[in-house]
**Student:** 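Can you keep this structure in mind? I'll have questions shortly.
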Amino acid sequence: MLEILYHDEYLIAINKPSGLLVHKSFYSGEANTYAIQELKKQIGQKVYPVHRLDRKTSGVLLFTLDKDTLRLMSTQFAKKAVEKKYIAILRGWAREDETIDYDLVNENEVKQNALTHYRRLQTSEINLPFLKHQTSRYCLVEAFPQTGRFHQLRKHFKHILHPILGCRKHGCNKQNKLWLETFGITKMTLHAHQLNFTHPVNREKISLNATIDEDFKSVGDILNFDLSDFL
């Protein structure tokens with residue numbers, strides 16, 4: 001059963017688990033289950049995804065229950081009137097506060113502007129030898145993407161040389177292997193923890209929050225991060 005965060009006659013939101021595809025996609029490959037089909041079966045009603053999360057990203061995922069509401073919500077996203085907040089664990093100690101303004105190339109090889117702001121929440125240094133270093137450093141950040149490009153956060157954090165822990169395609173595979181061999185952990189530590197928007201029909205301010213899963217919490221525990229705000 002999918003965890004439902006919000007449900008009325010126009011909208012429904014879930015806490016998408018890591019590893020679950022939103023829908024069939026040429027770029028994401030095949031799967032046995034998809035969020036759209038699972039949610040439709042769970043509530044007995046057709047749903048329309050307003051946005052998407054990467055397969056390995058967990059967190060708030062919003063759907064509408066009709067096409068008119070989908071159009072209204074899509075307009076909010078297009079106008080950047082929706083606030084998206086993510087948390088991620090990065091390799092190394094990133095700056096305390098930074099805006100990443102770095103164009104990205106999409107699936108069709110078209111360059112697009114991409115903007116991400118983040119702030120560092122906590123840092124950690126553990127006794128885990130890596131290459132020439134006797135310890136390993138990590139940080140917990142909260143990220144606010146201002147655009148919604150494909151793999152934007154993963155690519156942007158790689159660009160500033162602080163890749164997301166557990167990310168394969170845009171991460172540090174040596175670090176990922178180290179965590180697999182040392183702790184048995186493979187999941188990517190990227191979670192969409194909050195979505196803020198105006199209800200498209202009644203105009204109320206909506207704030208949806210999704211708790212982290214056990215895999216994210218396990219990494220946080222190893223690094224002695226205080227994740228109580230996200231549980």
**Student:** For Lys85 and Glu142, indicate whether the former's side chain and the latter's backbone hold a donor-acceptor pair under 3.5 Å.
**Tutor:** no

**Student:** Could you pull out all residues at least two apart from Lys40 that satisfy salt bridge (Lys or Arg N to Asp or Glu O under 4.0 Å)?
**Tutor:** none

**Student:** Can you list everything that forms a ring-ring contact (aromatic ring centres under 6.0 Å, His included) with Tyr6? Sequence neighbours excluded, please.
**Tutor:** none

**Student:** Side chains of Glu98 and Thr116, heavy atoms from C-beta outward: is any pair under 4.5 Å?
**Tutor:** no

**Student:** Please list every donor-acceptor pair under 3.5 Å in which a side-chain atom of residues 162-175 meets a protein atom from a residue at least two apart or in another chain.
**Tutor:**
from	atom 1	to	atom 2	distance (Å)
His162	ND1	Arg91	O	2.8
His170	NE2	His151	ND1	3.2
Gln175	OE1	Tyr138	OH	2.6

**Student:** The criterion is side-chain contact (heavy atoms from CB on, under 4.5 Å); which residues satisfy it with Asn127, sequence neighbours excluded?
**Tutor:** Thr135

**Student:** Between Thr69 and Thr64, is there a donor-acceptor pair closer than 3.5 Å when you use the side chain of the first and the backbone of the second?
**Tutor:** no

**Student:** Please collect all ring-ring contact (aromatic ring centres under 6.0 Å, His included) contacts where either partner lies in residues 212-231, sequence neighbours excluded, each pair once.
**Tutor:** His193-Phe230

**Student:** What distance do Leu190 atom CG and Asp54 atom CG have between them, rounded to the nearest 0.5 Å?
**Tutor:** 7.0 Å

**Student:** Any chain of hydrophobic side-chain contacts (each under 4.5 Å) joining Leu61 to Leu195?
**Tutor:** no

**Student:** Per the side-chain hydrogen bond (donor to acceptor under 3.5 Å, both in side chains) rule, what does the pair list look like for residues 70-84, sequence neighbours excluded?
**Tutor:** Glu83-Asn196

**Student:** So, do Asp226 and Leu140 sit near enough that their side-chain heavy atoms are less than 4.5 Å apart?
**Tutor:** no

**Student:** Indicate yes or no: at least one non-hydrogen side-chain atom of Leu231 is less than 4.5 angstrom from one of Ile212.
**Tutor:** yes

**Student:** Is a side-chain donor or acceptor of Asp213 paired with a backbone partner of Pro17 at a separation under 3.5 angstrom?
**Tutor:** no

**Student:** What's in the same ILVMFWY side-chain cluster as Trp93, cut-off under 4.5 Å, chained through other members?
**Tutor:** none

**Student:** With Lys187, which residues qualify under salt bridge (Lys or Arg N to Asp or Glu O under 4.0 Å), at least two apart?
**Tutor:** Asp215

**Student:** With sequence neighbours excluded, what pairs up with Glu96 under the salt bridge (Lys or Arg N to Asp or Glu O under 4.0 Å) test?
**Tutor:** Arg120

**Student:** For the pair Lys46 (side chain) and Asp66 (backbone), establish whether a donor and an acceptor sit closer than 3.5 Å, ignoring hydrogens and angles.
**Tutor:** no

**Student:** For residues Val82 and Val50, determine if any side-chain heavy atom of one lies less than 4.5 Å from a side-chain heavy atom of the other.
**Tutor:** no

**Student:** How would you list, by chain and number, every residue that makes a salt bridge (Lys or Arg N to Asp or Glu O under 4.0 Å) with Asp221, sequence neighbours excluded?
**Tutor:** Lys217

**Student:** Walk me through it: do Gln42 and Ile14 pass the test side-chain contact (heavy atoms from CB on, under 4.5 Å)?
**Tutor:** CA-CA 11 Å; Gln42 187 168 325; Ile14 65 170; over 6 Å; no

**Student:** Can you list, by chain and residue number, the hydrophobic cluster partners of Phe144 when the side-chain cut-off is 4.5 Å?
**Tutor:** none

**Student:** List in chain and number order the residues that pass ring-ring contact (aromatic ring centres under 6.0 Å, His included) with His159, two or more places apart in sequence or in another chain; answer none if no residue qualifies.
**Tutor:** Tyr102

